[in-house]
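Have a look at the structure below before the remarks.
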Amino acid sequence: MKTPKRYLITAALPYANGLKHIGHLAGAYLPADIYVRYLKAQKRDVVFVCGSDEHGTAIPIQATKEGTTAQAIIDKYHPIIEQNFKDLGITFDIYHRTSDPLHHETASAFFKDLESRGDLETKTSEQYFDEQANTFLADRYIKGTCPNCGHNEAYGDQCEKCGKSLSPEELINPVSTLSGNAPIKKETTHWYLPLNRHEDFLRKWLLEEHAQDWRPAVVGQCKSWIEGGLQPRAVTRDLDWGVKVPVAGGDGKVLYVWFDAPIGYISATKQWAINNDKDWKPYWNDPETKLVHFIGKDNIVFHCIIFPVMLKLHGNILPENVPANEFMNLEGDKMSTSRGWSIEMDDYINKWIKKENGGESLADCLRFYLNSIAPESKDSEFTWKGFQDAVNGELVSIFANYINRTWVLMHKLTKGKVPPIHPDLLDDDDQALLLSVKETKEKVTTLLEQYKFRDAQFEVVNLARLGNQYMQKKEPWILAKNIETDPTAQAKIDNCMHGCLQLSANLAILINPFLPFTAKKMCHLMKVVPKMLEWENAGNFNLLKVGYSLRPPELLFRKIEDEEIATELAQLKANAEAKKTKMETTNNTTAEKGANENANEKGITPLKPEIVFDDFGKIDLRVGTIVEAKKVEKADKLLELLVDLGFEKRTILSGIAMHFYPEDIVGKQVTIVANLAPRKMRGIESKGMILMAEDENGKLYFVSPSEAIAAGSGIS
RNA sequence: GGCGAGGUAGCUCAGUUGGUUAGAGCACAGGAUUCAUAACCCUGAGGUCCCGGGUUCAAAUCCCGGUCUCGCUACCA
């Protein structure tokens, strides 16, 4: 494999609306950091960029909710997140932010460039607008008659009957699904990235060239998208928070957050270049640069389809790989900040990385465990017991213990100095040890180049295990007892300890990408400068000079006690319970992005336009009793209900199948919109609608009278 | 419902283009040892490779069907 001239490594931009948890860390930042530290040890030319993603609708909405400004929100979280990464040893070369003028300038120029060359499509008069809801309508909020099959319930993006992909303009007799009115066409310009023009390119690049060397899940998801039919994606929005659309007709519009965020990688690189007096251009333009995006699986489409198309159009290089990780669960459930079921980086740092708790070494403990269970090929699971086992059983017992016993023996048996070698007494075991080091270096190097970080780390620990075996076989503590009778005893001890010490130095080099704080501490023990950690030194057995005196032993880690684990588990359950009761007792909650919510688009629903009493009077609300309930076939979310309204029983469909078992809701009294126009779904006609309340996690609740009353009772 | 990725020892995972008795670490059991953070070292026990068919001299691996988990997507007046 030819060594690239330079590397540009990116880690997904964290959304600056809240704290980030260890799942985020394990998914993108830790593997990226390991890779970068390795490359730097190899003395490669590498820049590691990241930064806060600070645009999108969720941030101004959260600001409104908290009675503050969007700027205040991002100013609050940006520095915390940045510091959290530092505390965990994630060392970006630049941690930028998309609210920075340099980014606005860069994203603007990027957009202008694409626009000026006709790479974007504009649709000036083709946009539907709902006057009543006072908003432009996304494709799926418009329905009408399918031009292909004549189905009259087709949506603006696709007809579900014949499966044909559509655009809203193709629909016959379009209707807004928000108000039920026919939408008007409003004079506005929106810009689109026509992904459909690039299908051939994407097929060739992803499905042919990278079918083998990218992770199966990544290629699989891309394939799914391409096969599903690529659509033009809107790149602008009607919003005033973000990067202004820099061309005529762009007033009151900003770049869609997914368009501007990845450009943040470029602006971050520019800022890095300014700070370091370098040229940023080769990093994005020279084909000899290797670009790698580290992300979680929720970001695959943006980084493998949309952004590459943008880069190609803009004349930039394409990513060489996108090693997306799957998700990390926690103690048997999905991680979710809003549900309190997560471990925030900030919390871990405050609890564990305090000086009295072990300081920096506890950052490495977390890095070690997270990497050992990194979800590289499937979802994985963090457990506190697993954390304790990994730290106590491998990091402490195997790795740290090897270093410690080496240091103790060296001070007892060789006066705290690196002993000389006696070549005539070297044997096969000594040779084997050196060979193992060289082999491990090769293995670790190969694995790192293949983004197999958990395996790579395992190999390093295994080398320490070999060290323990070597020492066990040589038994220098026994030799020391025979020093009077065996004239070669001291020489044998010297050879053994020399090997053990050289191995320690090698372990420091090899563990450095994974556990940087530990490597630093080992350098301190060996009284060497960090330069020794350069990768090319691994495999050498003369890193520590004979006669050099080393520091007294110091423990690299402490053990994790059972009580600490019990405390964490209790805390986690308490947090989840607290969040739950909080959600049940307050209706004034903050908008928080759940782990599985799609980036940047969700938030509190804005208040709808004012209506007059007559409008309200048109709605006939009744109390109904559910008498039958069953699942609708071929629909995950729909239940078919038979509801007693007193004067009649009617069929009503409701999208609640994910929340209730049919048998559990029979007999429930619910609120019905009784005079709603019937609507067919999945071939069944629904005559009315059940009112549901939804909390911030999407959990549904029936709206019912507080006591049972007669079916059909009116509500006003 | 469509698409994608997974299902291998109690736990976390490897298993390269099909090729002997399916591997590793942890946990567990026994032994040995004391330099070391009750650490290390040696040995052992353990699996219907999700289920059912098929192709083949030979299947964890390839094909078909089913099932479970996760993700994307559709359905949610």
Side-chain angles (χ1 to χ4, degrees), chain A residues 140 153 155 157-158 160 163 177-178 180 215-228 296-298 300-301 326-327 329 334 369 372-383 385-386 389-390 392-398 400-413 452 454-455 458 461-462 464-465 467-480 496-497 500 553 555-559 596 598 632-639 652-659 672-673 675-682 686-692 694 698 700:
Chain A
R140 70 186 144 166
E153 294 277 322
Y155 283 83
D157 53 352
Q158 193 173 23
E160 69 207 39
T177 60
L178 295 179
R215 292 184 179 169
V218 175
V219 177
Q221 173 137 23
C222 293
K223 185 163 182 245
S224 177
W225 256 68
I226 294 171
E227 301 291 342
K297 69 173 163 184
D298 50 340
I300 289 174
V301 168
E326 307 285 306
F327 288 154
N329 295 324
K334 275 182 237 183
Y369 179 53
S372 75
I373 59 163
E376 288 175 359
S377 61
K378 54 188 166 191
D379 290 354
S380 69
E381 179 154 329
F382 182 104
T383 62
K385 183 74 171 67
D389 285 348
N392 292 356
E394 292 182 69
L395 202 47
V396 175
S397 299
I398 307 288
N401 182 48
Y402 170 75
I403 302 297
N404 189 44
R405 66 198 297 210
T406 297
W407 247 251
V408 170
L409 281 172
M410 179 254 300
H411 276 83
K412 280 186 183 171
L413 308 180
K452 293 182 178 173
R454 57 193 294 168
D455 288 350
F458 174 83
V461 174
N462 201 46
R465 184 174 275 119
N468 279 320
Q469 289 168 6
Y470 171 80
M471 206 185 283
Q472 197 69 30
K473 197 163 183 189
K474 294 285 183 180
E475 296 183 311
W477 52 91
I478 302 282
L479 290 170
C496 172
M497 293 318 298
C500 287
L555 295 182
L556 293 175
F557 303 100
R558 68 174 181 84
K559 288 207 162 195
N596 55 351
N598 214 343
V632 176
E633 278 181 40
K634 299 185 181 183
D636 288 349
K637 297 187 187 170
L638 282 180
L639 283 188
I652 296 179
L653 296 183
S654 187
I656 56 174
M658 306 290 262
H659 299 81
I672 307 290
V673 181
N675 62 338
L676 193 69
R679 175 181 160 138
K680 247 188 187 171
M681 285 176 277
R682 295 278 163 199
S686 175
K687 297 174 183 168
M689 170 179 167
I690 314 267
L691 295 190
M692 303 297 298
E694 180 176 1
L700 296 180

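Computation of the quantities below employed the complete heavy-atom set of this structure, encompassing side-chain atoms and omitting hydrogens, waters and symmetry-equivalent molecules. So that the names make sense, note that chain A is the first sequence line, chain B the second, and so on, each numbered from 1.
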Item checked: B/A22 to B/A58 separation - C1' atoms, rounded to the nearest Å -> 15 Å
Next item on the list: For B/G31 versus B/G18, give the span between their C1' atoms, rounded off to a whole number of Å.
Entry: 41 Å
Notebook entry, point to check: Just how far is it from atom CZ of A/R215 to atom NZ of A/K452, taken to the nearest 0.5 Å?
Noted result: 9.5 Å
Notebook entry, point to check: So what does A/R215 touch, heavy atoms closer than 4.0 Å: a base, only the sugar-phosphate, or nothing?
Noted result: nothing
Notebook entry, point to check: What interatomic distance, in whole Å, is found between P of B/A60 and the corresponding atom of B/C51?
Noted result: 11 Å
Check: Mind checking whether A/E394 and A/Y369 have side chains closer than 4.5 Å, heavy atoms only?
Finding: no
Margin query: What's the closest nucleotide to the side chain of A/R465 if the choices are B/A39, B/G25, B/C35?
Written below: B/G25
Notebook entry, point to check: How is A/S377 classified with respect to the nucleic acid when contacts are heavy atoms under 4.0 Å: base, sugar-phosphate, or nothing?
Noted result: sugar-phosphate
Next item on the list: Give one of base, sugar-phosphate or nothing for A/A400, where a contact means two heavy atoms less than 4.0 Å apart.
Entry: base
Note to self: Output the rounded distance in Å from OH (A/Y402) to P (B/C41).
What the structure shows: 12 Å
Item checked: Separation between the C1' atoms of B/G10 and B/G66, rounded to whole Å -> 28 Å
Check: Nearest-Å distance, OH (A/Y369) to C1' (B/C26)?
Finding: 11 Å
Notebook entry, point to check: Taking OP1 and OP2 of B/C72, is either one under 4.0 Å from a side-chain nitrogen or oxygen of A/K297?
Noted result: no
Check: Considering only side-chain heavy atoms of A/L409, which listed nucleotide, B/C35, B/C42, B/G25, is closest?
Finding: B/C35
Next item on the list: Using atom CD of A/E227 as one end and atom P of B/G4 as the other, report the distance to the nearest whole Å.
Entry: 8 Å
Margin query: Counting only side-chain heavy atoms from C-beta out, which of B/A39, B/C40, B/G15 sits nearest to A/K452?
Written below: B/G15
Next item on the list: Ignoring backbone atoms, establish whether A/K378 has a side-chain N or O less than 4.0 Å from OP1 or OP2 of B/G7.
Entry: yes
Margin query: Quick one, A/E376 and A/D455 - any side-chain contact, counting heavy atoms below 4.5 Å?
Written below: no
Next item on the list: Mind checking the CD1-CG spacing from A/I398 to A/N392? Nearest 0.5 Å is all I need.
Entry: 12.0 Å
Next item on the list: Measure from the side chain of A/D379, starting at C-beta and using heavy atoms only, and say which of B/U12, B/C70, B/U37 lies closest.
Entry: B/C70
Next item on the list: Taking atom C1' in both B/U55 and B/G15, compute the distance separating them and give it to the nearest angstrom.
Entry: 23 Å
Next item on the list: Answer with base, sugar-phosphate or nothing: what part of the nucleic acid does A/W225 contact at a heavy-atom distance below 4.0 Å?
Entry: sugar-phosphate
Next item on the list: Identify whether any heavy atom of A/L653 sits under 4.0 Å from a base atom; if not, whether one sits that close to sugar-phosphate; answer base, sugar-phosphate or nothing.
Entry: sugar-phosphate
Check: Which whole number of Å gives the distance between the P atom of B/G30 and that of B/A45?
Finding: 15 Å
Checklist line | Closest to the A/F458 side chain, choosing from B/C41, B/C26, B/A24 | finding: B/A24
Next item on the list: Using the P atom on both, measure B/U8 against B/C50 and round to a whole Å.
Entry: 6 Å
Next item on the list: Could you please name the option among B/C40, B/G15, B/C76 that lies closest to any side-chain atom of A/L638?
Entry: B/C76
Next item on the list: Check side-chain contact (heavy atoms from CB on, under 4.5 Å) between A/D379 and all other residues, then give those that pass, not counting sequence neighbours.
Entry: A/K297, A/E326, A/F327, A/N329
Note to self: Please determine whether a side-chain nitrogen or oxygen atom of A/Q472 lies at a distance below 4.0 Å from atom OP1 or OP2 of B/U33.
What the structure shows: no
Item checked: Integer-rounded Å distance: B/C3 P and A/I300 CD1 -> 18 Å
Next item on the list: Starting from C1' on B/C35, measure out to CD1 on A/I478 and report it in whole angstrom.
Entry: 9 Å
Notebook entry, point to check: For A/L413 and B/U34, what is the distance between atoms CG and P respectively, to the nearest whole Å?
Noted result: 14 Å
Check: Counting only Watson-Crick or G-U wobble pairs whose two distances fall under 3.5 Å, which nucleotide matches B/C49?
Finding: none
Next item on the list: Mind listing the closest non-hydrogen atom pair of A/N468 and A/R405 along with its distance?
Entry: OD1-NH1, 2.9 Å
Note to self: Would you measure the distance from the P atom in B/C64 across to the matching atom in B/A77 and give it in whole Å?
What the structure shows: 37 Å
Notebook entry, point to check: Taking OP1 and OP2 of B/A36, is either one under 4.0 Å from a side-chain nitrogen or oxygen of A/K412?
Noted result: yes
Notebook entry, point to check: B/U73 P sits how many Å from A/D298 CG, rounded?
Noted result: 11 Å
Next item on the list: Provide the closest heavy-atom pair for A/I652 versus A/G688 in the form atom of the first, atom of the second, distance.
Entry: CG2-O, 3.5 Å
Notebook entry, point to check: Contact class for A/S380 vs. all strands (heavy atom < 4.0 Å): base, sugar-phosphate, or nothing?
Noted result: sugar-phosphate
Checklist line | A/D389 vs A/Q469, nearer the 5' end of RNA chain B by closest nucleotide | finding: A/D389
Check: Which is true for A/E475 with a 4.0 Å heavy-atom rule: it touches a base, it touches only sugar-phosphate, or it touches nothing?
Finding: nothing
Note to self: Quick check for you: among B/C42, B/C70, B/A77, whose closest atom lies nearest to any side-chain atom of A/K334?
What the structure shows: B/C70
Check: Just checking A/N401: base, sugar-phosphate only, or nothing, at a heavy-atom cut-off of under 4.0 Å?
Finding: base
Next item on the list: Look at all strands and tell whether A/V408 reaches a base, only sugar-phosphate, or nothing, counting heavy atoms closer than 4.0 Å.
Entry: sugar-phosphate
Item checked: Below 4.0 Å: OP1/OP2 of B/A77 and any side-chain N or O of A/K687 -> no
Checklist line | Given B/G7, B/C35, B/C41, the nucleotide with the shortest approach to the side chain of A/R405 | finding: B/C35
Notebook entry, point to check: Under 3.5 Å, is there a donor-acceptor pair between the A/N462 and A/R465 side chains?
Noted result: yes
